[in-house]
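Just below is one structure, and these are the notes that go with it.
Position 1 is the first residue of the sequence, and the numbers go up from there.
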Amino acid sequence: QVQLVESGGGLVQAGDSLRLSCAASGRTFSGYAMGWFRQTPGKEREFVSTVNWSGGITYYADSVKGRFTISRDNAKNTVFLQMNSLKPEDTAVYYCVATAGYGGESNPGRYAYWGQGTQVTVSS
């Protein structure tokens, strides 16, 4: 059974940092793009960032560019999201995703695998 399990969410203050991790199991994702979406109540899931299979190509939403950094460790089947200078508008449930595609697509329907989500709350 394929699983993506996120960790690292929590409650922080504006300006703080958090590091999210996503551990994949059930198959190897070394040939897959992986990344993150987020969602707040009443809104659609929003693209945050993805990284291609090798880790050499990254994509970011404009809203997080310069503050968030995505990386991956294929030996550990894990993807990370370092979030710095957090803002209250970053508050959301963050979902780990994986796709056999190139990974730069913002359409959540392009991602076949999803984690259960981890809550990030940024207070002002």
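- The side-chain heavy atoms of Arg67 and Lys87, taken from C-beta on, include a pair separated by under 4.5 Å.
- Applying the 6.0 Å contact sphere to CZ of Arg110 captures no more than 12 heavy atoms from other residues, nucleotides or ligands.
- A donor-acceptor pair under 3.5 Å links the side-chain atoms of Arg72 to the main chain of Asn52, judged by distance alone.
- In the model, Ser17 has a side-chain atom that pairs as donor or acceptor with a side-chain atom of Asn84 under 3.5 Å.
- Here the closest heavy-atom approach between residue Glu46 and residue Ser63 is recorded as OE2-OG, 3.9 Å.
- Remark: the backbone N or O of Arg38 is not paired with any side-chain donor or acceptor of Arg45 at under 3.5 angstrom.
- Thr78 contributes a side-chain N or O that, together with a main-chain N or O of Lys76, makes up a donor-acceptor pair within less than 3.5 Å.
- Salt bridge present: Lys65 and Asp62 bring a charged side-chain N and a carboxylate O closer than 4.0 Å.
- Residues Val97 and Tyr60 fall into different hydrophobic clusters, defined by Ile, Leu, Val, Met, Phe, Trp and Tyr side chains chained together at heavy-atom separations under 4.5 Å.
- No donor-acceptor pair closer than 3.5 Å links the side chain of Thr50 to the backbone N or O of Tyr59.
- For Phe37, the ring pair (Phe, Tyr, Trp, His ring centres under 6.0 Å) partners are Phe47, Tyr111, Trp114, not counting sequence neighbours.
- A donor-acceptor contact shorter than 3.5 Å links the side chain of Glu6 to the backbone of Cys96.
- The closest side-chain heavy-atom distance from Leu81 to Ser49 is below 4.5 Å.
- Between Tyr32 and Val79 the shortest side-chain heavy-atom distance does not fall below 4.5 Å.
- Side-chain contact between Thr91 and Thr40: absent, with no pair of heavy atoms (C-beta onward) separated by less than 4.5 Å.
- Side-chain atoms of Tyr95 do not come within 3.5 Å of backbone N or O of Gln39 as any donor-acceptor pair.
- In this view, Asn107 satisfies the side-chain hydrogen bond (donor to acceptor under 3.5 Å, both in side chains) rule with no residue, not counting sequence neighbours.
- Atom-to-atom distance recorded for Gln82:CD and Leu20:CG is 9.0 Å, nearest 0.5 angstrom.
- With no hydrogens or angles considered, a side-chain donor-acceptor pair links Gln119 and Thr121 at under 3.5 Å.
- Although no hydrogens or angles enter the test, the distance criterion places a donor-acceptor pair under 3.5 Å between the side chain of Asn77 and the main chain of Arg27.
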